[in-house]
Structures are given as structure tokens and as C-alpha cells.
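Lettering of chains follows the sequences in order, A, B, ..., and the numbering in each one begins at 1.
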Number of protein chains: 2
Amino acid sequence: MPKITFFNLPEDKKETLIQAVKKEFSRVPLYDASITNIIKEASISRGSFYQYFEDKEDAFFFLLNELTKENKYIFIHLLSRNHGNLFETMIEFFRIIVSEEENFNFLKNTFLNMTHRIENTFARSFSSTDKNENFEIFSSLVDKSNLNISNDNELFYILQIIAAVTFRNFVDKFARDLTVEDAMNTYLIEMNLLMNGLKKSNI
Amino acid sequence: MPKITFFNLPEDKKETLIQAVKKEFSRVPLYDASITNIIKEASISRGSFYQYFEDKEDAFFFLLNELTKENKYIFIHLLSRNHGNLFETMIEFFRIIVSEEENFNFLKNTFLNMTHRIENTFARSFSSTDKNENFEIFSSLVDKSNLNISNDNELFYILQIIAAVTFRNFVDKFARDLTVEDAMNTYLIEMNLLMNGLKKSNI
DNA sequence: ATTGACATATGACACGCTGTCATATAAGAT
DNA sequence: ATCTTATATGACAGCGTGTCATATGTCAAT
């Protein structure tokens with residue numbers, strides 16, 4: 001978490017700083033990013049940076065969190081518009097993320113260097129790391145009547161599976177520079193397999 | 001790839017160096033590892049390190065590749081013993097990896113900091129990144145008769161899905177320090193969901 | 001207006017790490 | 001014995017991080 005000093009900053013200065021942080025993390029992934037570049041871009045001193053953030057990671061995760069908040073908002077919106085249909089919602093959500101242009105490079109650097117912590121942060125967009133408050137919200141919005149589960153608890157595993165597969169598809173999209181349509185095609189095939197099962201169903 | 005000089009090394013010196021590399025990457029993840037520590041441990045000069053490897057990553061991926069080769073061997077063996085049953089094989093394979101003690105810390109550091117490149121390397125144990133020669137081998141060994149696919153090509157997507165879910169379970173095991181049995185339980189639930197489908201099947 | 005208390009800003013610096021290179025040593029061939 | 005090629009070495013430049021003593025700004029109280 002950024003320090004209080006950061007949040008006390010006047011709006012315009014804060015915005016300049018955020019843009020500088022975003023620029024650097026769009027240029028290179030977390031571990032290659034340089035604080036020196038950020039402070040040059042934002043025209044602040046080295047010391048100031050450390051008054052605002054704990055370190056490089058702190059700044060990165062602040063940014064990622066902001067993005068995730070927006071995505072979560074989008075996801076919740078889609079879910080209710082689709083009357084709780086999880087699969088329809090995931091497919092629409094997937095399209096929105098892979099079509100994203102403004103944050104393209106930031107997303108690319110982030111997905112291609114997805115550590116456990118980054119994945120967990122991002123996953124809050126549409127799922128939940130733990131069985132926490134997030135999970136309750138999602139659970140209440142999802143139409144469970146046509147899911148292969150006997151109790152709420154099992155929804156958790158379904159979300160885990162969908163998250164895992166969705167992530168892999170995000171990464172693939174960026175790693176292989178797929179077009180939006182190619183990425184969508186693969187994702188649709190895999191979501192269908194997920195829905196219907198990988199095992200041949202008995203006739 | 002390590003340089004020729006490395007492969008020309010007498011067996012014992014090479015082994016000492018590999019152990020030093022392993023020790024450092026067991027201590028901390030790739031990006032926190034220090035070449036200085038490795039050369040101290042192996043009693044070689046800084047210059048020598050660079051005669052053997054391109055850089056830190058080069059050493060890391062060499063090690064990961066070695067490990068992956070062993071895993072691949074294990075996987076193939078299990079697959080044939082299970083007469084090509086993919087799910088049974090994955091479950092046995094999963095248990096072997098999460099029970100691993102010798103490489104515990106190396107695996108932990110690796111899984112918790114799994115970038116796209118690391119994932120791809122490791123995935124060669126039981127799947128294939130691309131539709132390459134690896135895929136042909138796996139494809140020929142897998143019993144496809146009870147899989148929900150109409151052609152060989154679709155096997156690829158099934159492997160992708162299984163790989164994604166398996167990875168997530170590996171990561172979870174290390175991230176939350178699960179016992180082997182807890183990790184197995186979750187994995188079994190998820191594999192069952194994968195087999196039978198996330199959607200309620202029509203009665 | 002002056003003071004004191006607290007919040008914020010600054011950049012020089014110590015420290016650690018990487019990758020290189022000129023030089024030294026060893027090994028092998030003729 | 002000499003030349004050639006392969007390997008080893010550690011000093012060093014360059015860069016980046018996080019800290020800290022110092023400077024500057026803010027604001028309430030007198």
C-alpha cells in the first residue's frame with residue numbers, strides 16, 4: 001500500500017505520478033522497471049518517491065489494483081446483465097480485456113510475468129483468491145441452477161477452474177500476439193469443453 | 001543455453017557448479033538470486049561464470065530443464081502404465097510433484113514466481129507448448145477413446161485446460177503451504193469437475 | 001509577525017550487483 | 001620448444017536501490 005503522503009498529494013501531482021508509473025510499467029515488466037525512470041518522468045526527487053511508496057512493487061501493485069477495481073466493476077455489471085450466466089459473462093469479459101488498447105503494454109508485461117501475487121491481485125476482477133467477502137458477492141450474483149454443483153461451496157472450485165483457464169488464455173493471447181478473433185476462438189472452444197466436460201459423456 | 005565451455009567441464013566440477021546454482025535458486029526466486037552467491041559457493045571466479053552461462057536466467061533455465069526432463073520421463077512412464085488414461089495419470093503425477101522433498105524450495109520459488117517462460121518450460125513435463133514434436137508423442141500415448149473430442153487436434157485444447165488447472169493447483173499448494181492430502185483433495189475435486197463438465201448435464 | 005510543531009521535499013551517498021575486459025594460465029598440436 | 005587455442009581470473013565501470021541529514025513548506029497558536 002502506498003503511504004499516507006501519497007494519498008495526501010494534490011490531485012494533479014498524484015495523477016502525474018500515476019501516469020509516470022504506468023509509463024514505466026508499460027515499457028518493461030516489474031523486475032526490469034527503474035525507479036530512476038519514474039522520478040525523471042514525474043519530475044520528483046528520489047527521496048519523494050520513497051515518501052509515497054514502499055518500493056517499486058508497492059507502486060506496481062497500486063496501479064494493478066486500480067485497474068482491477070475497474071475490471072471488477074465491469075464484470076459485475078456484465079454478470080447482472082446476463083442474469084447470472086457465468087459462461088456468457090466470462091466470454092464477454094474475456095473479449096473486453098483482450099480488446100483493451102489503452103493498457104495494452106501494461107497488460108502484456110503483466111501477463112507475461114505473472115507471479116502468484118500478481119495473479120491473485122488480478123483475479124479479484126472476476127473471482128476471489130480466498131473464500132472471502134468477494135466470494136460472497138460473486139456467489140450471490142451467479143445463477144447456480146445450471147451448474148454442476150450441489151452446494152455453494154463447490155462454486156468456489158468452479159471459479160478456480162474458470163480463472164485458471166481464462167488466465168492461460170490471456171497469457172497466450174499476449175505471448176503469441178494473437179488477434180482478438182483468434183484468441184476468442186480458442187477461448188470459446190475451451191469454455192465449451194469446460195461446460196460439457198473433457199470426458200466423453202455416456203450416450 | 002549454457003555455453004560449450006560449460007559442457008566441456010569435467011564431471012565433478014560441473015556437478016559442484018550445478019549444486020551451487022540449485023542452492024541459490026532454492027534460497028530465493030530467479031530475480032532475487034545473486035551470481036555472487038553462486039560463484040562463492042562453487043569457488044569459481046566471476047569471469048568463469050560468464051564463460052559457462054549467458055547470465056542468471058541461463059543458469060536457471062538449464063536447471064529447470066534438467067528437472068523437466070526427469071518429470072517428463074516419469075509422466076510418460078505413468079501414462080503407459082495407466083494404459084493412456086490421462087486423468088489417472090495426471091492425478092498420480094500431481095501427487096509425485098507435490099510430495100517432492102528434495103527440490104521443495106526450488107519448486108516453491110519457481111511456482112510462486114511463474115512467468116510465462118517458466119510455465120512453458122515446466123509444462124513440457126506433461127504437455128506441450130506448441131503443436132510440436134512433444135505433442136505427437138503425448139498424442140500417440142493417450143487413450144482418446146473416452147475423451148470428448150472428435151479429432152486429434154482437439155486433444156491439444158484438452159491438454160491446455162488440464163495444464164492450466166494443474167498449474168494453479170501446484171501454485172496453490174506452495175502458496176498456502178497445503179499438506180499433500182489437502183492439495184490432493186482439491187485437485188481431485190477439480191479434476192472430477194473437469195471430466196464431467198461444469199454445467200449441469202441434462203437428465 | 002513570530003514561534004514552534006509537524007509534514008513534505010531533496011539529492012548525495014553507501015552499498016550491492018552485473019557484465020566486461022585485459023591479462024594470466026593451461027592444454028594440445030606440430 | 002613453440003605456436004595456437006581454450007579456459008580462468010579479478011579489477012573495474014556502470015547502474016540501480018534505499019537511506020539519511022538537511023532544507024523547505026504549512027499551519028495553528030500566541
With side-chain contact (heavy atoms from CB on, under 4.5 Å) as the test, pick out the partner of Phe61(B) among Met1(B), Lys56(B), Arg117(B), Glu54(B). Arg117(B)
Where the side chain of Lys3(A) meets the backbone of Tyr50(A), is there a donor-acceptor pair that is under 3.5 Å apart? yes
Please tell me if the side chains of Leu79(A) and Val142(A) come closer than 4.5 Å, counting only heavy atoms from C-beta onward. yes
Do the side chain of Asn82(B) and the main chain of Gly84(B) share a donor and acceptor less than 3.5 angstrom apart? no
Are the aromatic rings of Phe7(A) and Tyr52(A) close, with centres under 6.0 Å apart? no
Mind pulling the stems DNA chain D is in, i.e. runs of at least three Watson-Crick or G-U pairs, everything under 3.5 Å? C:1-30 with D:1-30
Do Glu92(B) and Arg81(B) touch side chain to side chain, with heavy atoms closer than 4.5 Å? yes
Do Phe174(A) and Phe104(A) have ring centroids that are under 6.0 Å from one another? yes
Would you kindly give the NZ-to-P distance between Lys40(A) and dT17(D), to the nearest whole Å? 11 Å
Rounded to the nearest 0.5 Å, what's the gap from OG1 on Thr166(A) to CE on Met191(A)? Could you check? 5.5 Å
Between atom CG in Asp58(A) and atom C1' in dT17(D), what is the gap in whole Å? 15 Å
Counting primed atoms, P, OP1 and OP2 as sugar-phosphate and everything else as base, the B/S/- map of nucleotides 7-20 of chain C against protein heavy atoms under 4.0 Å is -SBBB------BBB
Give the rounded distance in Å between these two atoms: CZ of Phe7(B) and C1' of dA6(D). 17 Å
